[in-house]
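Atom set for the values below is all heavy atoms of this structure, side chains included, hydrogens, waters and symmetry mates excluded. Every number for a ligand or one of its atoms is a count from 1 in the order of the listing.
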Amino acid sequence: MSATRIDGTALAAQVKAEAAAEVKELVSRGIHPCLAVILVGEDPASQVYVRGKARDCAECGIESRVIRLPESTTQAQLLDRIGELAADESVHGILVQLPLPRQIDEAAIIDAIPPEKDVDGFSPVNVGRMQTGQPCFLPCTPAGCIRMIQSTGVSIDGKRAVVVGRSNIVGKPAALLLLEHNATVTICHSHTQNLAEICAGADILVAAVGRQGFITGEMVKPGAVVIDVGINRGADGKLHGDVDFAAASEKAAFITPVPGGVGPMTRAMLMKNTVQAAARQAK
Ligand code: GUN
């Protein structure tokens, strides 16, 4: 059996077209959605991501402001910049690109973003709202994963879902969203015993480990939906996921490629969140 590829680029184009239509409607009412992205330092991967976000904004008709700050920026300076953007009514979304230089406390920075402008969905208020099923900004990567699973036509309801990885920005929220969709969810991590066996029981397998080829073919249940969140730069200089794509494709029914899978969907969901932020702030 060879799995059907879930085309993240095509699905992202659909989501961005939805966002663009919503932007048009807002602009007709005099509201111009605007996303501010703060990039501290010169991390090469972050620079690529930020350029991609600006390009997506342009495609959707969203104004983007990229604020580049030097690696030596202090926490107080960054907090000041966030304070300015928080008070600026023409800015609807604020995103601080992670990771931050080591002199800056990430939690303090995320805390400083007003929840109504936190389009990443990382602030404790949005995390708490998600946990309790209240309206909130959903974190973009997990929300993109759900949309990709839904695109297959496979129902999440009642399925056994396994998430490998327990980060605050992917693993934990992905597990919570799958639970919201009535999956029976297991979270695996570096201390998990019988990892391969647990993965092999998953109808839906989400890999968010950050290690190339970590999920082997034997860890995939025949007919599973496999979502690969990993983006790893291989020794060959190319991008690879956490899943051994060739081996997993022999077993899975549906699988996301890397690149061209979760990455573009994450950015598309950010556009949706930004439009939602602008619409809510206009009320
Ligand atoms: N760095 C890697 N992924 C993300 C993300 O989704 N949001 C932010 N702010 N930084 C990131």
Side-chain angles (χ1 to χ4, degrees), residues 8 12 15-16 35-57 62 64-69 71 73 75 78-79 81-82 85-86 91-102 104-115 117-127 130 136-148 163 165-174 176-177 206-211 227-233 239 241-242 256 258-259 261-274 276-277:
V15 173
K16 284 189 283 185
L35 173 67
V37 178
I38 304 180
L39 174 58
V40 186
E42 311 286 333
D43 181 76
S46 290
Q47 307 223 27
V48 173
Y49 294 149
V50 167
R51 272 200 299 274
K53 285 166 187 169
R55 214 171 32 236
D56 288 328
C57 281
I62 296 170
S64 67
R65 293 191 206 162
V66 179
I67 294 132
R68 291 171 198 278
L69 300 175
E71 183 80 29
T73 301
Q75 183 163 320
L78 181 53
L79 287 171
R81 288 298 265 156
I82 293 171
L85 295 168
V91 171
H92 304 98
I94 303 172
L95 182 149
V96 179
Q97 187 66 33
L98 304 177
L100 288 166
R102 43 178 42 205
I104 299 175
D105 174 12
E106 223 162 77
I109 296 306
I110 291 170
D111 245 347
I113 300 171
K117 295 192 179 185
D118 168 38
V119 286
D120 254 333
F122 291 172
S123 90
V125 170
N126 279 313
V127 173
M130 178 174 67
C136 62
F137 291 113
L138 294 179
C140 302
T141 301
C145 292
I146 296 290
R147 181 92 184 228
M148 296 182 96
V163 179
R166 56 172 159 179
S167 69
N168 287 332
I169 69 175
V170 184
K172 283 186 211 165
L176 203 54
L177 286 185
V206 178
V209 193
R211 279 167 60 186
I227 306 293
D228 191 350
V229 183
I231 302 181
N232 310 291
R233 181 76 61 185
L239 293 180
D242 291 345
T256 65
V258 177
V262 173
M265 272 306 283
T266 293
R267 284 165 29 203
M269 298 316 271
L270 175 66
M271 300 300 109
K272 289 285 266 190
N273 277 355
T274 303
Q276 208 178 77

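- Considering backbone and side-chain atoms together, I169 places no N or O closer than 3.5 Å to any N or O of ligand 1.
- Here is the list of ligand 1 atoms found below 4.0 Å of a heavy atom in L95: 9 (N).
- For T141, the closest heavy-atom approach to ligand 1 does not fall below 4.0 Å.
- Under the salt bridge (Lys or Arg N to Asp or Glu O under 4.0 Å) rule, D56 has a single partner from R51, K16, K272, which is K16.
- Remark: minimum distance from atom 10 (N) of ligand 1 to any protein heavy atom is reached at L98 N, 3.0 Å.
- Here's the thing with Y49: none of its N/O atoms is less than 3.5 angstrom from an N/O atom of ligand 1.
- Heavy-atom proximity to V96, at under 4.0 Å, picks out these atoms of ligand 1: 8 (C), 9 (N).
- Nearest approach of I104 to T73, heavy atoms of both residues: CD1-O, 3.6 Å.
- Nearest to atom 9 (N) of ligand 1 among the protein's heavy atoms is D120 OD2, 2.6 Å.
- Atom 4 (C) of ligand 1 has Q97 NE2, 4.2 Å as its closest protein atom, hydrogens excluded (heavy atom only).
- Residues V96 and L100 approach most closely at CG1-CD2, 3.7 Å, considering heavy atoms.
- Proximity of I231 to Y49: side-chain heavy atoms (C-beta onward) are separated by under 4.5 Å at one or more points.
- With a 6.0 Å radius and a threshold of 12 heavy atoms from other residues, nucleotides or ligands, Q47 has its CD atom above the threshold.
- Counting heavy atoms from C-beta on, the side chains of I146 and L138 never come closer than 4.5 Å.
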